[in-house]
Amino acid sequence: MGKYSDRNVVITGGGSGMGFAMAKLLADGGARVMITGRSRATLDAALERLGGNAVAVPGDVASLADLEALADRVKDEFGTLEGLFVNAGIARAMPFESMTEEAYDELFAINVKGAYFTVQKLAPLLSTGAGVVLTTSTANVIGMPTTSAYAAGKAALRSMARTLAGELLPRGIRVNAVSPGPIDTGILENGMSAEAAAQFKAQVVADNPMRRFGTTDEIATAAAFLAFDATYTTGAEFAVDGGATQL
């Protein structure tokens with residue numbers, strides 16, 4: 001029996017990065033894991049690494065029809081859920097003066113609307129004692145240039161963790177948020193030159209109190225703690241940022 005045996009969980013955005021690390025930790029611990037994402041190829045690659053305890057459901061959290069289909073799939077395969085990790089999201093760095101309506105709408109459709117309705121559609125399937133974990137960001141509490149729309153969306157998720165915690169508490173369901181700081185997911189190398197990525201990383205490390213990036217495994221461990229072990233905690237945001245927002 002693993003630590004998470006007999007627990008059914010859903011992780012949105014579970015095919016890569018922090019979401020995949022959450023899925024791997026839980027599946028390895030015996031949980032039955034359902035991951036979602038927009039890319040079938042990414043999900044298939046994740047399933048090869050996750051093993052038999054995982055299933056994947058393609059879908060876009062910005063689509064209520066996709067979320068309703070996800071809820072139907074969860075009901076058919078799992079019945080009930082003990083953990084819900086609302087992790088799907090996108091990041092767009094853009095100066096305030098350059099922000100477009102299209103980029104703004106996309107950020108809020110996925111990061112805010114998607115998260116809100118993910119919880120709404122799956123809440124009826126959450127068992128008493130279940131834990132919901134939203135993925136916010138340290139950007140929601142510090143004024144980082146070029147992140148105005150992204151940070152506002154993550155701040156909305158922080159507020160959501162409080163209000164949904166209050167609404168779901170009568171059912172014995174806890175809602176918390178994990179707030180990642182600089183995490184090395186490999187995405188920088190995909191979006192900029194190797195030299196630019198190295199320079200950016202060096203600056204982030206120099207500015208961080210712990211003088212390093214965090215890992216996706218560290219986020220996964222924190223998220224699992226909030227979902228299953230922090231049984232006297234709800235409405236909280238747990239910073240996993242090397243002390244960046246605390247020191």
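Note that the numbering runs from 1 along the sequence shown for the chain.
Rounded to the nearest 0.5 angstrom, Asp72 CG and Leu125 CG are separated by 9.0 Å. To the nearest 0.5 Å, atoms CG (Leu47) and OG1 (Thr42) are separated by 11.0 Å. Distance check, rounded to the nearest 0.5 Å: CZ of Phe85 to CD1 of Ile219 gives 12.5 Å. Here the CD1-OG1 distance, from Ile183 to Thr216, works out to 8.0 Å after rounding to the nearest 0.5 Å. The distance from the CG atom of Leu122 to the CZ atom of Phe117 is 13.0 Å, given to the nearest 0.5 Å. Expressed to the nearest 0.5 Å, how far OG of Ser137 lies from CG of Asp241 amounts to 9.5 Å.
Cluster annotation: Val178 and Leu81 are assigned to distinct hydrophobic clusters (Ile/Leu/Val/Met/Phe/Trp/Tyr, side-chain heavy-atom contacts under 4.5 Å, transitive). Put simply, Met144 and Val141 are part of the same group of oily side chains (I, L, V, M, F, W, Y) that touch within less than 4.5 Å, one to the next. When hydrophobic clusters are built by joining Ile, Leu, Val, Met, Phe, Trp and Tyr residues whose side-chain heavy atoms come closer than 4.5 Å, directly or via intermediates, Met18 is not grouped with Met34. The cluster map of Ile, Leu, Val, Met, Phe, Trp and Tyr, joined by side-chain heavy atoms under 4.5 Å apart, puts Leu134 and Leu70 in the same cluster. No single ILVMFWY cluster, assembled from side-chain heavy atoms under 4.5 Å apart, contains both Val10 and Phe225.
No side-chain donor-acceptor contact under 3.5 Å links Asn208 to the backbone of Ala244. Within the 3.5 Å criterion, the main-chain N or O of Ala156 finds no donor-acceptor partner in the side chain of Ser159. In this structure, Thr234 contributes its side chain and Ala165 its backbone to no donor-acceptor pair below 3.5 Å. A donor-acceptor contact shorter than 3.5 Å links the side chain of Ser179 to the backbone of Thr138. Under a 3.5 Å cut-off, the side chain of Arg174 and the backbone N or O of Ala227 do form a donor-acceptor pair. Under the 3.5 Å distance criterion, the side-chain polar atoms of Arg32 are matched with a main-chain donor or acceptor of Glu77. In this structure, the side chain of Asp60 does not engage the main chain of Arg38 through any donor-acceptor pair within 3.5 Å.
Residues Val119 and Val132 have side chains in contact (heavy-atom distance under 4.5 Å, counting atoms from C-beta outward). Taking 4.5 Å as the limit, some side-chain heavy atom of Leu84 sits within range of a side-chain heavy atom of Thr118. Here the side chains of Ile11 and Phe20 are not in contact, with every heavy-atom distance at 4.5 Å or above. Side chains of Thr215 and Asp184 form no contact here, defined as non-hydrogen atoms less than 4.5 Å apart. A 4.5 Å side-chain heavy-atom check between Val61 and Asp66 finds every atom pair outside the cut-off. Contact annotation: the side chain of Gln199 approaches that of Glu195 to within less than 4.5 Å [non-hydrogen atoms, C-beta and beyond]. A 4.5 Å side-chain heavy-atom check between Ile35 and Met22 finds every atom pair outside the cut-off.
The only option from Arg73, Lys121, Lys75 that meets the salt bridge (Lys or Arg N to Asp or Glu O under 4.0 Å) definition with Glu68 turns out to be Lys121.
More than 12 heavy atoms of other residues, nucleotides or ligands lie within 6.0 Å of CZ in Arg40, so this atom counts as buried by the packing criterion. The 12-atom threshold is exceeded at CZ of Phe78, counting heavy atoms of other residues, nucleotides or ligands nearer than 6.0 Å. Other residues, nucleotides and ligands contribute more than 12 heavy atoms inside 6.0 Å of the CZ atom of Phe108. Counting non-hydrogen atoms of neighbouring residues, nucleotides and ligands closer than 6.0 angstrom, the CD atom of Glu167 reaches no more than 12 such neighbours.
Pairs of residues two or more places apart, or lying in two chains, that qualify as side chain to side chain donor-acceptor pair (under 3.5 Å) and include a residue from residues 16-28 are Lys24-Asp28. The stretch residues 83-102 participates, sequence neighbours left out, in these side chain to side chain donor-acceptor pair (under 3.5 Å) pairs: Asn87-Thr135, Arg92-Glu106.
Considering every non-hydrogen atom in both Leu168 and Val175, the closest pair reads CD1-CG2, 3.9 Å. Minimum heavy-atom separation, Ala222 to Val240: CB-CG2, 3.6 Å. Asn140 approaches Glu237 most closely through the heavy-atom pair ND2-OE2, 3.0 Å. Closest heavy-atom contact between Asn176 and Ala161: C-CB, 4.3 Å. Heavy-atom minimum distance, Ser127 versus Glu82: OG-OE2, 3.3 Å. When all heavy atoms of Pro182 and Val204 are compared, the pair lying nearest together is CB-CG1, 3.5 Å.
With salt bridges taken as basic N to acidic carboxylate O contacts below 4.0 Å, one links Lys3 and Asp229.
Remark: Phe228 engages Tyr4 in a ring pair (Phe, Tyr, Trp, His ring centres under 6.0 Å) (not counting sequence neighbours).
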